[in-house]
Amino acid sequence: MVITTIFEPFRIKSVEPIRMTTRAQRAAALEHAGWNLFKIKADDILVDLLTDSGTGAMSAEQWAAMMRGDESYAGASSWFRFRDRVQELTGFQHVIPTHQGRAAERILFSCLQVRGKTVVSNTCFDTTRANIEAQGGRAIDIPTPLAKDTQASHPWKGDIDLAALERILGDASQQVACVVHTITNNSGGGQPASLRNLRAASAMCKKAGVPYYLDACRFAENAWFIKLREEGQHDRSVESIAREMFRLADGATFSAKKDGLANIGGFLASNDDALAAQEEQLLILTEGFPTYGGLAGRDLDAIAVGLREVVDEDYLRYRIVSTKYLGDGLRRHGVPIVEPPGGHAIYIDARAFLPHIPQEAFPGQAAACAFYLEGGVRGCEIGTLMFGGRDPLTGKSRVAAQELLRLAIPRRVYTQSHIDYVVEVGREVAARKRELTGFRIVEEPAQLRHFSARLLPL
Ligand code: F0G
């Protein structure tokens, strides 16, 4: 007999209690929050799958490293430990620490002077797109066409469409400031890009003289998928694959809140001396001195250790298997998910799940509220509530390309029985899905409405 159970490769030394709630309490919390899950207190959540960002558990080694944190303003030893690990992993000489990923994006797009130019991506994450647009640039998403069909189980839905990339790079009128490859593709289902695609995109950019960047938030999960799925890569270490991925790029932005296994932090890195000098100036102006960049010394140390632990293959095997376990469980109960299961999250296809709720009535939010009411599980709508709203040019209201409910899994936080519980909640929601109704917005801000809008069930 072969033992096949893959268990959490850690023991738990410190615990946080979860306060149990009743359905009636959750109904009251929803009403009080205007059916907006961002407005619910974390204490009123049983299993929090809102995001995998900054929500992970640190290891004993990371906590020990925090005690070593050197809080000197300039030249702290924490900085050198952080910089050395980032340089070793990425091969980039210039490392600029930032308080999180979006700060790296803001500095990059500001110094690349994207005004009037185009930034091309498989899919820009929302902060990436917002930072490009805030600098007067234009973001174009060209994911592989295979990513369109949520139900097709293609292994590389995080690939960039190479034919489209070639066309855009060859079109002089486009003025491409840079290409940003998001790995894994968060807005597109947490799907990985193949090494083959990264190599080809990198070569095309090199030929065109356009910088090729990675949005590397989930680089280790992407590298693990390459090891598992890509021909010729099975015998390589994840560290070696990750090193190659970074060395194909001219630079990277990174949020350490994901595959940095830390609760805060990030970096911007490249080998471009002139650009990095400008970036450092902007860093000093808005984030902090270049040897801490808006972080405490102890944060830099936690990230330096996290960047080693995250390429541990026992960890990654457990991580990706546990995400798939949630996807398999939901699918078994007839809940349609974006296939195949992604690295950090399962995305429920709410349009397929709740076909009786029109897009204008937010089917993703209906599913999100149902998961909370049924079992205190908090996910995040990625659909018309997040991306819809009034078109600033035409004044007409828009619907999103997809209606998804993302259930993102914090790293090293929940056990298999938590996930079993979420699957059971999914089963109950599926059993009553015909009773679910849509929503209308009763109050919304001009921008980023999903964070603070108030809704009412129809
Ligand atoms: N890029 C990607 C692909 C992301 O997923 C995120 C954050 C960022 C950039 C920005 O990083 O939050 O550190 O400023 N994603 C979080 C999420 C918020 O829930 O997916 P940040």
Side-chain angles (χ1 to χ4, degrees), residues 37-38 42 48-56 96-110 119 121-134 139 141 143 147 157-158 160 178-193 213-222 245 249 251-269 283 286-287 293-295 299-300 302-303 306-307 310 323 338 342-347 364 368 378-383 385-387 404-411 413 448 450-451:
L37 298 178
F38 282 100
D48 202 349
L49 307 183
L50 184 67
T51 178
D52 65 319
S53 180
T55 52
I96 291 176
T98 58
H99 78 276
Q100 58 185 83
R102 67 198 70 181
E105 293 167 355
R106 187 184 62 82
I107 293 172
L108 174 66
F109 297 127
S110 162
V119 176
S121 178
N122 49 345
T123 312
C124 283
F125 181 65
D126 57 5
T127 60
T128 321
R129 172 175 287 272
N131 271 297
I132 294 164
E133 292 175 353
D141 293 340
K157 286 180 168 179
I160 203 162
C178 71
V179 172
V180 177
H181 207 148
T182 311
I183 52 169
T184 57
N185 189 358
N186 184 17
S187 311
Q191 302 290 327
Y213 270 73
L214 297 181
D215 176 341
C217 293
R218 300 175 181 87
F219 75 94
E221 291 171 4
N222 199 104
M245 287 160 57
T253 57
F254 182 68
S255 166
K257 300 171 76 171
K258 287 82 168 172
D259 275 351
L261 297 179
N263 302 118
I264 196 71
F267 65 73
L268 168 61
L283 183 82
T286 59
E287 289 270 310
L295 293 167
D299 298 326
L300 295 167
I303 298 166
L307 285 174
V310 79
T323 304
V338 173
H344 67 294
I346 293 299
Y347 297 67
R378 172 158 72 172
C380 182
E381 189 258 14
I382 300 187
L385 182 58
M386 186 180 274
F387 292 120
L404 304 175
L405 168 59
R406 185 184 74 171
L407 302 176
I409 306 180
R411 293 169 181 76
V413 169
L448 296 170
H450 54 290
F451 289 123

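Both ligands and their constituent atoms are indexed starting at 1 by order of listing. None of these values were measured; they are calculated from a predicted model.
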So, regarding [X] and ligand 1 (criterion: nitrogen or oxygen to nitrogen or oxygen, under 3.5 Å), is there a contact or not?
X: Gly265; value: no
X: Asn186; value: yes
X: Arg218; value: yes
X: Lys258; value: yes
X: Arg406; value: yes

Within the 4.0 Å heavy-atom shell around [X], which atoms of ligand 1 are there?
X: Glu105; value: 1 (N), 9 (C)
X: Gly101; value: 11 (O), 13 (O), 14 (O), 21 (P)
X: Thr127; value: 8 (C), 9 (C), 10 (C)
X: Gln100; value: 12 (O), 13 (O), 14 (O), 21 (P)
X: Lys257; value: 13 (O)
X: Ser255; value: 11 (O), 13 (O), 21 (P)
X: Thr182; value: 3 (C)
X: Thr51; value: 17 (C), 19 (O)

### Query
So does Asp52 pair up with Lys258, basic N to acidic O under 4.0 Å?
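Judged by the 4.0 Å cut-off on N to carboxylate O distance, Asp52 and Lys258 do not form a salt bridge.
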
### Task
For atom 1 (N) of ligand 1, grab the closest protein heavy atom and report residue, atom and distance to one decimal in Å.
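Heavy-atom neighbour on the protein nearest atom 1 (N) of ligand 1: Asp215 OD2, 2.7 Å.
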
### Message
Just to confirm my output: which protein heavy-atom neighbour is closest to atom 8 (C) of ligand 1, and how far is it?
### Response
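So the nearest neighbour among protein heavy atoms is Phe125 CD2, 3.4 Å.
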
### Task
Kindly compute the distance separating CZ (Phe125) from CG (Asp215), expressed to the nearest 0.5 Å.
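Nearest 0.5 Å value for the CZ-CG distance: 8.5 Å.
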
### Message
For the CD atom of Gln191 and the OG1 atom of Thr182, what is their distance to the nearest 0.5 Å?
### Response
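The distance works out to 13.5 Å.
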
### Message
Applying a heavy-atom cut-off of 4.0 Å, say which part of His344 lies close to ligand 1: side chain, backbone, both or neither.
### Response
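Neither; no heavy atom under 4.0 Å.
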
### Task
Between Arg102 and ligand 1, find which residue part has any heavy-atom pair under 4.0 Å and reply side chain, backbone, both or neither.
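It is both backbone and side chain that touch ligand 1.
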
### Query
Is it true that the side chains of Asp259 and His344 contain a donor and an acceptor less than 3.5 Å apart?
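His344 and Asp259 do not have a side-chain donor-acceptor pair below 3.5 Å.
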
### Thr98 side chain to Arg106 side chain, donor-acceptor N/O pair below 3.5 angstrom
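There is no such pair between these side chains.
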
Residue pair [X] / [Y], side-chain heavy-atom distance below 4.5 Å:
X: Thr128; Y: Thr253; value: no
X: Leu49; Y: Pro410; value: yes
X: Val413; Y: Thr55; value: no

What pair of heavy atoms forms the shortest contact from [X] to [Y], and how long is it?
X: Leu307; Y: Val310; result: O-CG1, 3.9 Å
X: Ala193; Y: His181; result: CB-NE2, 3.6 Å
X: Gln100; Y: Ile264; result: OE1-CD1, 3.8 Å

### Task
Would you check whether Gly266 reaches within less than 4.0 Å of ligand 1, judged by its heavy atoms?
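Under 4.0 Å: no for Gly266.
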
